[in-house]
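Letters A, B, ... mirror the listed sequences (proteins, then strands); counts begin at 1. What's counted below: heavy atoms across the whole structure, side chains too, no hydrogens, waters or symmetry copies.
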Amino acid sequence: MVDGSMKKENAYVTIGELGEYIGQEVALAGWVVTLRSSGKILFLVLRDGTGICQGVLEKTAEHDALFDSLSHLGQESSIEMKGVVRVESRAPGGYELAVSGGRVIGESRDFPITPKEHGIDFLLRQRHLWLRSSRQTAIMRIRDTVTFAIREFFHNREFKLVDTPIFAPSVGEGASTLFEVDYFGQPVYLAQTGQLYLESAAMALRKVYCFGPTFRAEKSKTRRHLTEFWMVEPEVAFIDLDGLLELAEDFICSIVGKVLEKNRSDLELLGRDIGKLEKVQKPFARVTYSEAVEILHGSRAEKLLRVEYSQLEKLIAELEAELEASTQQQATVTKAWQKDKLGARIIEIRDQLAEARESLKNIPLHLELAKGFNWGKDLGGSDETIISKLHERPVFVTHYPRMTKAFYMRQDRANEQVVENFDLLAPEGVGEIIGGSVREEELDRLLARMKEEGLATEPYEWYLDLRRYGSVPHGGFGLGIERTLGWICGLKHIREAIAFPRMMGKVYP
RNA sequence: UCCUCGAUAGCUCAAUGGUAGAGCAGCCGGCUGUUAACCGGCAGGUUGUAGGUUCGAGUCCUACUCGAGGAGCCA
């Protein structure tokens with residue numbers, strides 16, 4: 001491209017662009033990741049938000065003062081580091097800096113997050129600092145790709161972004177699951193969806209979407225729940241269920257494709273099985289709710305759970321053997337650091353063992369839930385897991401019983417017991433990431449459903465107007481960003497998918 | 001709301017009912033190619049809270065608090 005000086009946004013070169021400066025002297029600015037000193041030589045690993053780079057400094061007469069000032073820096077001190085860039089296979093990242101100058105920008109002492117294992121409670125209390133770790137930055141980069149891919153996808157298809165309100169005056173069903181806010185003496189609720197407002201906008205712009213935070217006050221403490229999460233919701237006029245499924249399918253393929261294109265190294269850092277993401281191609285399987293119930297009752301589900309049960313038993317036996325071996329080995333090794341490394345591995349094995357035993361214990365319960373499932377109930381978490389594990393790609397489940405779903409979902413004219421809705425279940429047992437439906441466009445049917453649910457019509461008059469003034473078939477869906485990221489990144493818990501997770505009983509920092 | 005498990009140094013964890021320890025982080029010293037470097041030293045504690053059993057409790061019992069992940073509910 002152009003010469004180096006033209007590219008600089010300021011006096012500093014970033015680590016990401018070091019490859020273009022081999023043999024040249026550059027100045028980097030960043031934070032100290034680790035620092036090792038051997039008396040006469042020191043290695044300083046710097047992180048600047050674009051990558052990591054090792055600086056090497058020898059203690060010579062010329063650099064004596066510099067050596068002393070750098071060798072006493074604490075982890076995460078911010079510094080400026082100057083030197084000549086050279087290729088070095090032993091250095092992380094492939095380049096290193098022969099340090100010739102440096103300056104402390106901001107000191108750091110006793111950084112709480114050490115290069116050791118930490119518990120989740122501690123890490124969440126240090127979330128503002130935890131964000132700096134390689135794993136967390138990888139997730140944030142993937143989130144950025146996902147967010148951008150979403151906007152790009154809708155923009156390219158002529159969808160218009162419409163921002164819907166966070167304060168919602170009335171609630172649909174289940175008022176207890178929303179956060180109440182005092183709005184000048186009047187109770188309002190933090191939005192759990194922008195959908196009803198979006199339907200209005202779809203009657204204006206035809207294809208619209210909203211993308212923002214959404215709030216649920218459910219007292220759920222599981223790995224797939226947050227009280228504040230981000231959701232993107234498209235809404236389209238003149239669309240039917242098939243059209244919605246196609247849209248959702250293209251949407252998911254587009255998002256996953258972009259992440260595969262832009263974040264391979266991040267996925268590798270997270271230890272994600274990339275082959276599983278590469279299988280995310282059209283078409284996705286489609287089963288109706290009624291078929292899902294049959295699957296749950298049938299031999300495939302039972303076989304799946306039995307296979308899983310024996311695999312878990314095998315895994316547990318292996319882990320127990322390794323635990324035994326590691327424990328014995330730990331008693332025989334002499335070096336303290338060897339004991340420590342084995343100790344860390346033992347803790348890891350115990351964690352995995354505990355998790356495997358928990359899963360094993362749950363399988364008979366899941367089997368029982370699946371067998372005892374009756375048509376008319378909503379699918380439970382374990383039921384969804386079973387359906388999703390039977391497929392390598394995401395699966396659509398459509399046509400749920402009318403009575404388990406919201407009043408605005410369109411009744412199937414061929415079978416009025418069910419509605420034209422769908423959930424999209426991500427594979428690998430992740431479960432629901434999308435929920436959507438065609439909306440009931442006939443005023444009379446909508447009013448009948450509201451009556452059935454015992455809903456007052458008065459707060460919804462504006463919404464009913466959409467059926468009075470040129471109603472058209474329309475529909476849409478909502479995608480949970482954190483759940484999607486959890487699936488793409490292979491996270492155990494979606495709390496890592498957002499910078500500052502809000503969970504039941506956790507609002508700090 | 002229910003079920004299961006847990007709480008010991010800043011962090012991760014040890015400790016048959018019998019003198020509370022180790023590693024990391026911190027501080028001091030040593031070491032010229034380290035990859036969570038290594039070696040030596042120093043410092044670091046009201047064992048979540050309140051009771052109880054006992055000659056003696058980190059360990060046993062009861063209650064509570066907080067946390068983890070399941071169920072329900074949901075994206």
Review point. Any stems for RNA chain B, made of 3 or more Watson-Crick or G-U pairs in a row, each with both distances under 3.5 Å?
Key: B:1-7 with B:65-71, B:10-13 with B:21-24, B:26-30 with B:38-42, B:48-52 with B:60-64
Check your understanding: Is there a donor and acceptor pair closer than 3.5 Å between the side chain of A:Ser220 and the base of B:rC73?
Key -> yes
Review point. Can you find a side-chain donor-acceptor pair between A:Tyr408 and A:Gln195 that sits under 3.5 Å?
Key: yes
**Study point:** Centroid distance under 5.5 Å and plane angle under 30°, A:Phe43 vs B:rG33
**Key:** no
Study note, to complete from the structure: Of A:Glu384, A:Glu308, A:Glu428, the one forming a salt bridge (Lys or Arg N to Asp or Glu O under 4.0 Å) with A:Lys389 is A:Glu308
Check your understanding: Looking only at N and O atoms, is any donor in the side chain of A:Ser38 or the base of B:rG33 less than 3.5 Å from an acceptor on the other one?
Key -> no
Check your understanding: Which of these nucleotides, B:rC11, B:rG67, B:rC31, is closest to any side-chain atom of A:Lys506?
Key -> B:rG67
Review point. When the C1' atoms of B:rG10 and B:rU47 are considered, how many whole Å apart are they?
Key: 16 Å
Study note, to complete from the structure: note: A:Leu479, atom CG; B:rC74, atom C1'; distance rounded to Å ~ 15 Å
Review point. Which value, in whole Å, describes the distance between the C1' atoms of nucleotides B:rA15 and B:rU35?
Key: 34 Å
Check your understanding: With a non-hydrogen cut-off below 4.0 angstrom, is A:Ile434 in contact with a base, only sugar-phosphate, or nothing?
Key -> sugar-phosphate
Review point. Which part of the nucleic acid, if any, lies within contact of A:Pro92, taking any heavy atom under 4.0 Å across all strands shown: a base, the sugar-phosphate backbone alone, or nothing?
Key: base
**Study point:** Rounded distance in Å between the C1' positions of B:rU4 and B:rG56
**Key:** 33 Å
Point to revise | Candidates A:Phe477, A:Tyr289, A:Phe422 - the one meeting ring-ring contact (aromatic ring centres under 6.0 Å, His included) with A:Phe396 | key: A:Phe422
Practice item. Select base, sugar-phosphate, or nothing to describe what A:Glu96 touches, counting heavy atoms under 4.0 Å on all strands. Key: base
Check your understanding: With a non-hydrogen cut-off below 4.0 angstrom, is A:Asp423 in contact with a base, only sugar-phosphate, or nothing?
Key -> nothing
Study note, to complete from the structure: note: A:Lys40, atom NZ; B:rA37, atom C1'; distance rounded to Å ~ 18 Å
Study note, to complete from the structure: To the nearest angstrom, the CD-C1' distance between A:Glu384 and B:rA71 comes to 14 Å
Point to revise | Ionic contact status for A:Arg224 with A:Glu482, cut-off 4.0 Å | key: no
Check your understanding: Using a cut-off of 4.0 Å on non-hydrogen atoms, how would the nucleic acid contact of A:Gly74 be classed: base, sugar-phosphate, or nothing?
Key -> nothing
**Study point:** Minimum-distance nucleotide to A:Lys219 side chain [options: B:rA68, B:rU1, B:rG70]
**Key:** B:rU1
Check your understanding: Which of parallel (below 30°), tilted (30 to 60°) and perpendicular (above 60°) describes A:Tyr463 and A:Phe407?
Key -> perpendicular
Exercise for review: Decide if the gap between the ring center of A:Phe153 and the ring center of A:Phe159 is smaller than 6.0 angstrom.
Suggested key: no
Point to revise | Residue A:Arg495, side-chain heavy atoms: nucleotide from B:rA68, B:rC74, B:rG33 that is nearest | key: B:rA68
Exercise for review: Taking only the side-chain heavy atoms of A:Phe229 (C-beta and beyond), determine which of B:rA75, B:rU34, B:rU32 contains the nearest atom.
Suggested key: B:rA75
Point to revise | Distance between P atoms of B:rA22 and B:rA14 (Å, rounded) | key: 16 Å
Exercise for review: Would you kindly give the CZ-to-C1' distance between A:Phe111 and B:rC11, to the nearest whole Å?
Suggested key: 13 Å
Point to revise | P gap between B:rU16 and B:rG58, integer Å | key: 13 Å
**Study point:** A:Ile41 vs A:Thr34, nearer the 5' end of RNA chain B by closest nucleotide
**Key:** A:Ile41
Review point. Which value, in whole Å, describes the distance between the P atoms of nucleotides B:rG48 and B:rG23?
Key: 23 Å
Review point. Can a donor-acceptor pair under 3.5 Å be found between the side-chain atoms of A:His225 and the base atoms of B:rC74?
Key: yes
Check your understanding: When you measure from the side chain of A:Gln54, which nucleotide among B:rU35, B:rC74, B:rA68 comes out closest?
Key -> B:rU35
Check your understanding: Taking atom P of B:rC3 as reference, at what distance in whole Å does atom NZ of A:Lys221 sit?
Key -> 13 Å
Point to revise | A:Arg449 with A:Glu440: basic N within carboxylate O range, under 4.0 Å | key: no
Check your understanding: Thinking salt bridges, do A:Arg86 and A:Glu96 make one under a 4.0 Å N-O criterion?
Key -> yes
Review point. Considering only heavy atoms and no angle criterion, is a donor-acceptor pair shorter than 3.5 Å present between the side chain of A:Arg109 and the base of B:rC27?
Key: no
Point to revise | Whole-Å gap separating C1' (B:rA71) and NZ (A:Lys377) | key: 12 Å
Check your understanding: Given A:Val99 and A:Leu42, is the side chain to side chain contact (heavy atoms under 4.5 Å, CB included) satisfied, shown in steps?
Key -> CA-CA 10 Å; A:Val99 178; A:Leu42 80 78; over 6 Å; no
Check your understanding: Any donor-acceptor pair under 3.5 Å between the side chain of A:Arg86 and the base of B:rG33?
Key -> yes
Review point. If you check the A:Phe122 side chain, which of B:rA37, B:rU32, B:rG10 turns out closest?
Key: B:rG10
Practice item. Write down the distance separating the C1' atoms in B:rG6 and B:rA75, rounded off to the nearest Å. Key: 29 Å
**Study point:** Nearest-nucleotide pick for A:His493, side chain only, options being B:rG69, B:rG33, B:rA68
**Key:** B:rG69
Check your understanding: Taking the nucleotide of RNA chain B with the closest heavy atom to each, which residue, A:Glu58 or A:Gln75, is nearer the 5' end?
Key -> A:Gln75
**Study point:** Rounded distance [0.5 Å steps], OG1 in A:Thr137 versus CZ in A:Arg132
**Key:** 12.0 Å
Point to revise | Sugar-phosphate, base or nothing in reach of A:Thr193, heavy atoms under 4.0 Å | key: nothing
Review point. Separation of A:Leu124 atom CG from B:rC11 atom C1', in whole Å?
Key: 15 Å
Revision key, fill the gap. From the candidates B:rU32, B:rA37, B:rG69, the one with an atom nearest any side-chain atom of A:Arg36 is B:rA37
Review point. Can you tell me how far P in B:rU53 sits from the matching atom in B:rU62, rounded to whole Å?
Key: 15 Å
Point to revise | Closest to side chain of A:Asp121, choosing from B:rC31, B:rG67, B:rC24 | key: B:rG67
Review point. Quick one: is A:Arg224 getting a side-chain N or O under 4.0 Å of the B:rA71 phosphate, OP1 or OP2?
Key: yes
Exercise for review: Among B:rA68, B:rG33, B:rG72, find the nucleotide with the atom closest to the side chain of A:Thr222.
Suggested key: B:rG72
Review point. Roughly how far, to the nearest 0.5 Å, is the CG atom of A:Leu485 from the CZ atom of A:Arg483?
Key: 13.0 Å
Check your understanding: Atom CG of A:Leu367 to atom P of B:rG70: distance rounded to whole Å?
Key -> 19 Å
